[in-house]
Novice: 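Input: one structure, supplied below.
Residue numbers run from 1 in the order of the sequence given. Every heavy atom of this structure was used, including side-chain atoms; hydrogens, water molecules and symmetry mates were not.
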Amino acid sequence: MLKIYQITLFLLLLFNTTIFSQDLPGRKIISGNINFNLLSVGESGTNYTTNLNNLYGKIRQNNTYLSVGGNFGITNLNSTGRQSDANWMLGPDMEYGKFITIADKFYFAPAFGGNINGHFGGDVYGLSLNANIHPLRFMYHFGQNFMLTGETGQGNLSFSKIQDVTQISLNGSLSNKSGIGLFYTFK
């Protein structure tokens, strides 16, 4: 009997989006990520990858949003005794999400999105498609214009065809890919 009560309470919290959320509809949001990965392989060289993405959207009356933007990345492979090879990645990015009120200014905010990227540089060319889901993301609207985000877990499906190499990858995790971030909102 206690489990039915807990499930019912959770569902009520999940679908209750109007009590405290009067300040979100109509606000515009800007979000972005910067990722940097460095791999030093001793005497054989150093590799690094940098990826930037930026999204812009508007929160609707039902506390959902659709953000669109772009994705840019560079991978630099520097082998000892060789000139470095840079590969570039560029393409559109999007994300759809919903703010579900848990308490005043505290939201459960699942989202999913994806991007399409063209890869080029040197003698490298190709295409990649990525889809991702953030099922356990929470946000706190702590100021006039800022929302602090925290998440754990992520699912990702990717497909790439670069040169003659085709790769399909499905990743999911509830313990890795934890992180914090910041949303900027304005009217």
Novice: Which pair of non-hydrogen atoms, one from A111 and one from Y65, has the smallest distance, and what is that distance?
Specialist: CB-OH, 3.7 Å
Novice: I need the N115 CG to N130 CG distance, nearest 0.5 Å.
Specialist: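 Interatomic distance, N115 CG to N130 CG, rounded to 0.5 Å: 4.5 Å.
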Novice: Got a sec: does the CG of L38 have more than 12 other heavy atoms crowding it under 6.0 Å?
Specialist: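 Above 12, so yes.
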Novice: Give a yes or no on whether F112 and V68 share a hydrophobic cluster (residues Ile, Leu, Val, Met, Phe, Trp, Tyr; joining criterion: side-chain heavy atoms under 4.5 Å apart).
Specialist: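 Yes, same cluster.
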Novice: Taking atom NZ of K58 and atom CD1 of I29, what is their separation to the nearest 0.5 Å?
Specialist: 12.0 Å
Novice: Does any pair with a residue in residues 132-150 pass salt bridge (Lys or Arg N to Asp or Glu O under 4.0 Å), and if so which ones, sequence neighbours excluded?
Specialist: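 Listed by first then second residue: E95-R137.
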Novice: Between F106 and F138, how do the two ring planes meet: parallel, tilted or perpendicular, split at 30° and 60°?
Specialist: parallel
Novice: Please report the shortest heavy-atom distance between M89 and N51, naming the atom on each side.
Specialist: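 In terms of heavy atoms, the two residues are closest at CE-OD1, 3.4 Å.
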Novice: Below 4.5 Å, heavy atoms only, C-beta onward: do K161 and L127 meet side chain to side chain?
Specialist: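 When only atoms from C-beta onward are counted, L127 and K161 do not touch, as no gap falls below 4.5 Å.
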Novice: Is there side-chain contact between F99 and H141, with at least one heavy-atom pair below 4.5 Å?
Specialist: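 F99 does not reach H141 side chain to side chain.
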Novice: What distance do R27 atom CZ and Q144 atom CD have between them, rounded to the nearest 0.5 Å?
Specialist: 5.5 Å
Novice: Any chance you could measure N156, atom CG, to I133, atom CD1, to the nearest 0.5 Å?
Specialist: 11.0 Å
Novice: Could you tell me if the side chain of Y184 sits less than 4.5 Å from the side chain of F146, heavy atoms only?
Specialist: yes
Novice: G153 and P135: which non-hydrogen atoms are nearest, and at how many Å?
Specialist: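 That closest heavy-atom pairing would be O-CD, 4.2 Å.
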Novice: Is the shortest side-chain heavy-atom distance between Y125 and Q163 below 4.5 Å?
Specialist: yes
Novice: I want to check something: taking the side chain as every heavy atom from C-beta on, are M139 and L24 in contact at a cut-off of under 4.5 Å?
Specialist: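 In short, these two side chains do not touch, never coming nearer than 4.5 Å.
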Novice: Please say yes or no: joined through hydrophobic side-chain contacts below 4.5 Å, possibly via intermediate residues, are M94 and Y56 part of one cluster?
Specialist: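 No; tracing contacts between hydrophobic side chains, which count when under 4.5 Å, never links both residues.
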Novice: Ignoring hydrogens and angles, state whether a donor on the side chain of S169 or N171 is under 3.5 Å from an acceptor on the partner side chain.
Specialist: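 On atom types as modelled, these side chains qualify, holding a pair under 3.5 Å.
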Novice: To the closest 0.5 Å, what do you measure between OH (Y140) and OG1 (T149)?
Specialist: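 Answer for the OH-OG1 pair, Y140 versus T149, is 14.5 Å.
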Novice: Knowing that exactly one of N71, N117, N53 qualifies, which makes a side-chain hydrogen bond (donor to acceptor under 3.5 Å, both in side chains) with D93?
Specialist: N53
Novice: How about K28: does its NZ atom have over 12 heavy atoms from other parts shown lying under 6.0 Å from it?
Specialist: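 Yes, because the 6.0 Å sphere around NZ of K28 holds more than 12 heavy atoms from other groups.
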Novice: By the rule that ILVMFWY residues connect when side-chain heavy atoms come within less than 4.5 angstrom, directly or transitively, which residues belong alongside V165?
Specialist: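 V165 shares its hydrophobic cluster with no other residue.
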Novice: With a 4.5 Å cut-off on side-chain heavy atoms, are S128 and I116 touching?
Specialist: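 They are not in contact (no side-chain heavy atoms under 4.5 Å apart), so the answer is no.
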Novice: Of N54, L55, T185, which is the lone residue that meets side-chain contact (heavy atoms from CB on, under 4.5 Å) with I30?
Specialist: N54
Novice: When rounded to the nearest 0.5 angstrom, what is the spacing between CD1 in I100 and CD1 in I102?
Specialist: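 Here the rounded value is 8.0 Å.
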Novice: In the single-linkage hydrophobic clustering (I, L, V, M, F, W, Y; side-chain heavy atoms under 4.5 Å), do L148 and I34 co-cluster?
Specialist: no
Novice: Mind checking whether H119 and T75 have side chains closer than 4.5 Å, heavy atoms only?
Specialist: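 No. Closest side-chain heavy atoms not under 4.5 Å.
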Novice: Quick one, Q167 and I162 - any side-chain contact, counting heavy atoms below 4.5 Å?
Specialist: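 The answer is no, as the side chains (C-beta and beyond) never meet within the 4.5 Å cut-off.
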